[in-house]
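Shown next, in structure tokens, is the structure this report addresses.
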Amino acid sequence: MSDTIVAISTALGVGAISLIRLSGPEAILIVNKVFSKDLTDVSSHTIHYGHIKKKEEIIDEVLVTVMRSPKTFTTEDVVEINCHGGIQVTEDVLKLLLQNGARLAEPGEFTKRAFLNGRIDLVEAESVMDLIESKTKQSRKLAISQLNGNLSRSIERLRQKLLDVISAIEVNIDYPEYEDIEEMTNEKVLPHLKNIQSDLETILKKSESGRVIKEGIKTVIVGRPNVGKSSLLNQLLEEDKAIVTDIEGTTRDVVEGTILVDGILLQVLDTAGIRETEDKIEQLGVQKSLKLIEEASFVLVVLNGSEALTKEDEELLHLAATKPSLVLINKNDLPIKIDTTMVDQYHPIYMNTKEEKYIDQIKSAIRELFQLDGIENDDFTYLSNARQIGLATEAQSLVNEAIVSIEKEVPIDLVESDVKRAWETLGEITGKTYQEELLDHLFSHFCVGK
């Protein structure tokens, strides 16, 4: 990281301003070469008015912010140039900086430098992109909580508990002659590990809330043709997103939209009606519907209450029973002919898409099923992505193995191996230990200039 990087940090297009950012040991000197005023001796965290010039030609009228190491995001010298927000002028300024010694930054390289320089940890680095991509108030709160270090401190407290156990074991192994040191027998280690086990269980249990906040709830509406799926989608979205007709098989492909329930994003997909058909295009739609059920986090099963249950209905109920789902008996404004003894075990909502009051009932059921009220009032100290959850799960398994070993009276020095690995695994969450390939993959998903 001995070179100086540069990138456009605002979306490229016509706007009021655009921001070009540099970071590295030569950041101030490079900008000084093209700026109309001398920046070499200016104080840190100051703004300077002037012009970007190519020899005698004025490229743009700008404001330049100078921030000296180490009190910057990357801990390096950082310079930000506020240009006028035109495409050509921004590209001309960037090109001039590249010609004078800067290197074009890779995606996420500013944040990667902040991590490698110890300014932030890996959880905080991930939260930077989560904050940029947040689509709801709740996901913003989650990202801010992680950026402020709440999750990292929680993980570090667990690591400290494990380290206390490791230290006590090693003292007894290495210095058995010290009689005043409490012997760390299996019986004495066990309560400490069970306490850590409980903490990990709590964190992992809450991680589902973190995933829901960050990713939303992938919801699919399934049912036979003409049971009211598209009408339901339109009512949920409060717009005519899907075509509604009395002709069976109108929906051939997936129609989707998003709604908010207590600040949680529901990605709602209306699927093709599931039935046996000779129509090849409709067959493809049915196959896609079945695949979406497997991938969904939540399934809305729509049945026609004015008709008897069919084989397809029963198959859908069986599929939906394997994951969070809600059964809706539509068309209750018509005589009910469905076998209620078969469907009532699923605690369905009897409804019709002509009355909006039923949408509130559906949202209320979703709120209860996913315990959204609890998420709203919680502290947002959640694991929120597959990497974090996978590592915490691995650490939990190692602690569980250590507990089983103690209960089998395995020698304490062998138990220590699992405890050490659990400590190291939790360290990977915050980046205390990491692999270069992981960093390259993680930061490659960031914006250029962030």
Side-chain angles (χ1 to χ4, degrees), residues 1-12 15-53 58-86 89-90 92-132 140 143-150 152 431 443 446-450:
M1 297 190 296
S2 60
D3 57 352
T4 296
I5 57 175
V6 64
I8 301 168
S9 293
T10 46
L12 193 59
I17 62 169
S18 60
L19 182 70
I20 298 175
R21 175 182 292 150
L22 300 92
S23 180
E26 302 294 319
I28 297 172
L29 293 176
I30 289 171
V31 177
N32 200 60
K33 293 177 184 178
V34 299
F35 192 52
S36 58
K37 296 180 180 178
D38 185 11
L39 298 172
T40 54
D41 293 323
V42 301
S43 299
S44 183
H45 293 76
T46 55
I47 301 175
H48 306 272
Y49 165 79
H51 296 89
I52 297 294
K53 300 177 71 174
I58 293 177
I59 304 298
D60 194 18
E61 181 183 34
V62 300
L63 290 174
V64 173
T65 304
V66 176
M67 294 169 279
R68 295 184 182 275
S69 171
K71 294 184 178 180
T72 68
F73 178 62
T74 61
T75 77
E76 304 171 334
D77 284 348
V78 171
V79 179
E80 294 182 346
I81 303 173
N82 285 269
C83 310
H84 286 94
V89 67
T90 304
D92 285 348
V93 174
L94 176 64
K95 188 183 299 182
L96 195 56
L97 295 168
L98 291 170
Q99 290 170 354
N100 280 276
R103 171 177 65 78
L104 189 64
E106 298 174 357
E109 190 168 1
F110 289 90
T111 308
K112 184 178 182 180
R113 288 191 175 201
F115 166 70
L116 292 174
N117 290 332
R119 171 67 174 74
I120 57 176
D121 66 25
L122 207 52
V123 170
E124 291 165 337
E126 289 175 312
S127 70
V128 170
M129 202 62 208
D130 290 344
L131 184 58
I132 292 170
R140 174 185 60 79
I144 286 291
S145 177
Q146 293 192 352
L147 189 57
N148 288 340
N150 293 341
S152 299
F443 288 107
F446 276 55
C447 310
V448 173
K450 190 58 182 173

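Just so it is clear, the values below take in all heavy atoms, side chains as well, and ignore hydrogens, waters and symmetry mates.
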Residues which pass side-chain hydrogen bond (donor to acceptor under 3.5 Å, both in side chains) with S127, listed by chain and number, not counting sequence neighbours: none
Distance, nearest 0.5 Å, that separates CD of E26 from NZ of K33: 7.5 Å
With sequence neighbours excluded, residues passing side-chain hydrogen bond (donor to acceptor under 3.5 Å, both in side chains) with D60: H84
All side-chain hydrogen bond (donor to acceptor under 3.5 Å, both in side chains) counterparts of N148, not counting sequence neighbours: none
L98 atom CG, neighbour heavy-atom count above 12 within 6.0 Å: yes
E80: partners by salt bridge (charged side-chain N to carboxylate O under 4.0 Å, His left out), with sequence neighbours left out: R21
side-chain contact (heavy atoms from CB on, under 4.5 Å) evaluation trace for T111 with I120: CA-CA 8 Å; T111 308; I120 57 176; 3.8 Å; yes
Inter-residue atom distance K71.NZ - H45.NE2, 0.5 Å rounding: 8.0 Å
S43 side chain near R68 side chain, heavy-atom distance below 4.5 Å: no
Audit row: V78, F73, side-chain contact (heavy atoms from CB on, under 4.5 Å) steps and yes/no: CA-CA 8 Å; V78 171; F73 178 62; 5.8 Å; no
Spacing of I5 atom CD1 and L22 atom CG [to the nearest 0.5 Å]: 8.5 Å
Residues that S44 engages under side-chain hydrogen bond (donor to acceptor under 3.5 Å, both in side chains), provided they are two or more places apart: none
T4 (side chain) donor-acceptor with A102 (main chain) under 3.5 angstrom: no
Exercise: identify the closest heavy-atom pair between T74 and N117: O-ND2, 2.7 Å
For the student: nearest non-hydrogen atoms of A105 and A7, plus distance: CB-CB, 4.0 Å
Interatomic spacing from CD1 in I28 to CG in D77 - rounded to 0.5 Å: 4.0 Å
From CA spacing to verdict: side-chain contact (heavy atoms from CB on, under 4.5 Å), S152, Q146: CA-CA 7 Å; S152 299; Q146 293 192 352; over 6 Å; no
Selection residues 109-131 - residue pairs positive for ring pair (Phe, Tyr, Trp, His ring centres under 6.0 Å), sequence neighbours left out: F115-Y434
Side-chain donor/acceptor of H48 to backbone N/O of V42, under 3.5 Å: no
Which residues share a ring-ring contact (aromatic ring centres under 6.0 Å, His included) with F446, sequence neighbours left out: F443
Separation between CD1 of I52 and CG of L94, rounded to the nearest 0.5 Å: 11.5 Å
With H51 via side-chain contact (heavy atoms from CB on, under 4.5 Å) - residues at least two apart: S36, Y49, K53, I58, E61
For D38, all residues meeting side-chain contact (heavy atoms from CB on, under 4.5 Å), sequence neighbours excluded: N32, T40
Between CG on residue L131 and CD1 on residue I144, distance to nearest 0.5 Å: 4.5 Å
Qualifying salt bridge (charged side-chain N to carboxylate O under 4.0 Å, His left out) pairs, either residue in residues 115-130, two or more places apart: E126-R387, D130-K214
Partners meeting salt bridge (charged side-chain N to carboxylate O under 4.0 Å, His left out) with R103 (sequence neighbours left out): D3, E109
Closest contact, heavy atoms only, S69 versus E76: CB-C, 3.7 Å
S18 side chain vs T10 backbone, donor-acceptor pair below 3.5 Å: no
side-chain contact (heavy atoms from CB on, under 4.5 Å) between I8 and I20, worked out: CA-CA 4 Å; I8 301 168; I20 298 175; 4.3 Å; yes
Shortest non-hydrogen contact from P25 toward S2: CG-O, 3.1 Å
